[in-house]
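Here's the structure we're looking at; comments come further down.
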2 protein chains.
Amino acid sequence: MNVTIPPHDPDSSGCQRISQVLARVGEKWSILIIITLAAGPRRFSEIKRSINGISQRMLTLCLRGLERDGLVKRTVYAVMPPHVEYELTALGHSLTEPVRALGAWASKHISDIDAARKEFDARVEHQGQTPFTTK
Amino acid sequence: MNVTIPPHDPDSSGCQRISQVLARVGEKWSILIIITLAAGPRRFSEIKRSINGISQRMLTLCLRGLERDGLVKRTVYAVMPPHVEYELTALGHSLTEPVRALGAWASKHISDIDAARKEFDARVEHQGQTPFTTK
DNA sequence: CCGTATCCCCTTGGATACTG
DNA sequence: CAGTATCCAAGGGGATACGG
């Protein structure tokens with residue numbers, strides 16, 4: 001059964017732009033931030049606390065990037081002390097669907113991947129056995 | 001202090017591993033390689049030619065990574081000159097589904113993102129200050 | 001043809017200290 | 001609290017040359 005083969009042109013401008021989007025999505029923290037905000041609006045330090053290991057700098061940069069792309073909305077309340085809330089825009093929420101699909105795939109196959117890595121590493125260790133799969 | 005995040009916990013081990021998978025997917029060239037191979041097996045130089053701008057080094061590295069994760073299968077034909085073919089494994093093919101979902105999302109919303117970027121940049125420049133990174 | 005090895009730049013990203 | 005600014009280490013990634 002042949003799956004529908006979509007326009008395959010990694011070289012075209014279309015795929016290049018998609019690649020840019022994926023670069024943002026693939027950025028180390030972006031996905032985690034989006035997932036966090038998917039549950040509702042959060043303050044800066046709430047996000048920081050909920051994502052283990054992220055530095056202040058990277059949180060700022062990632063949020064700026066997401067805001068720039070129209071995925072996150074930043075709201076400043078002019079009070080003292082400052083109160084800033086971040087929330088997903090409609091666009092940001094729409095991203096959570098394919099992201100969840102990817103997350104579901106990852107959850108489902110993470111064990112396969114781990115097994116493949118172990119096998120690969122073991123095979124490499126035995127460098128005598130060339131992976132020749134002569135047909 | 002800690003608001004419960006019931007459905008998704010970015011801090012949990014599960015999401016951490018998913019993040020690893022996404023890191024691979026988000027790597028600059030991986031997606032393009034997978035998309036290329038989704039159309040069928042390809043030789044090394046065929047992949048290189050079909051992806052504009054990729055260096056030999058990065059193609060090798062990415063293919064190794066994908067092979068290690070069990071997403072791509074490498075077959076060497078012991079002939080002269082060497083003939084090596086790469087193809088997606090079943091696991092690799094299953095990845096194309098969520099990836100396509102993401103790609104579809106990107107295609108659909110790329111204009112929104114571009115518009116948001118323009119607006120954001122204009123807003124920033126209007127304030128007379130470069131906040132940080134204007135990539 | 002299919003890589004591996006080397007050099008090197010440049011970005012990413014952490015740690016820290018400092019403002020409003 | 002919510003950032004900015006600065007320094008610095010690690011590694012991603014290009015260019016090139018060479019081996020099988």
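Residue numbers begin at 1 in each chain, while the letters A, B, ... track the order of the sequences.
Among the nucleotides C/dG14, D/dA2, C/dC2, the one closest to the side chain of B/R74 is C/dC2. Proximity note for B/W29 (side chain, C-beta onward) versus C/dC2, D/dC1, D/dG14: the nearest is D/dG14.
Under a 3.5 Å cut-off, the side chain of A/S45 and the backbone N or O of A/K48 do not form any donor-acceptor pair.
We find that CD1 of A/I54 is positioned 14 Å from P of D/dA2, with the value rounded to whole Å. Regarding A/R64, its CZ atom lies at a distance of 18 Å from the C1' atom of C/dT12, rounded to whole Å. For the pair B/Q56 CD and D/dA15 P, the interatomic distance rounds to 12 Å; values are reported in whole Å. One can place CD of B/E46 at 8 Å from P of C/dC2, the figure rounded to the nearest angstrom. To the nearest angstrom, P of C/dG3 lies 12 Å from CD of B/E85. Spacing between atom CG of A/L61 and atom P of D/dT4 amounts to 9 Å, rounded to whole angstrom units. As rounded to whole Å, 12 Å separates atom C1' of D/dA2 from atom CZ of A/R49. Across the protein-nucleic acid pair, B/M80 atom CE and D/dG20 atom C1' stand 7 Å apart, rounded to whole Å.
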Atom pairs under 3.5 Å, N or O on each side, protein against nucleotides 6-10 of chain C: can you list them with distances?
none

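Listed by chain and number, the residues in a side-chain hydrogen bond (donor to acceptor under 3.5 Å, both in side chains) with A/H93 amount to none (sequence neighbours excluded). Scanning for side chain to side chain contact (heavy atoms under 4.5 Å, CB included) contacts around A/E97 gives an empty result, with sequence neighbours left out. In terms of the side chain to side chain contact (heavy atoms under 4.5 Å, CB included) criterion, residue partners of B/P41 (sequence neighbours excluded) are, by chain and number, B/E85, B/E87. Applying the side-chain hydrogen bond (donor to acceptor under 3.5 Å, both in side chains) rule to A/S94 yields the partners B/W105; only residues at least two apart in sequence or on another chain are considered.
Between the two ends of the helix from C/dC1-D/dG20 to C/dG20-D/dC1, each summarised by a five-pair axis, the helix axis turns through 40° (rounded to 10 degrees).
Counting non-hydrogen atoms under 4.0 angstrom, A/Y86 reaches the backbone sugars and phosphates but no base.
One finds no side-chain N or O of A/R43 lying less than 4.0 angstrom from the OP1 or OP2 phosphate oxygen of D/dC1. At C/dG3, none of the side-chain N or O atoms of B/T60 fall inside 4.0 Å of OP1 or OP2 (strictly under the cut-off).
Note on A/R49 versus A/E46: no salt bridge recorded, every NZ/NE/NH1/NH2 to OD/OE distance being 4.0 Å or above.
The two residues B/L88 and B/V72 make their nearest non-hydrogen contact at CD2-CG2, 3.9 Å. Taking both residues in full, the closest heavy atoms of A/V76 and A/V84 are given as CG2-CG2, 4.2 Å, listed atom of the first, atom of the second, then distance.
Ring geometry for A/Y77 versus A/H83: interplanar angle over 60°, hence perpendicular rather than tilted (30 to 60°).
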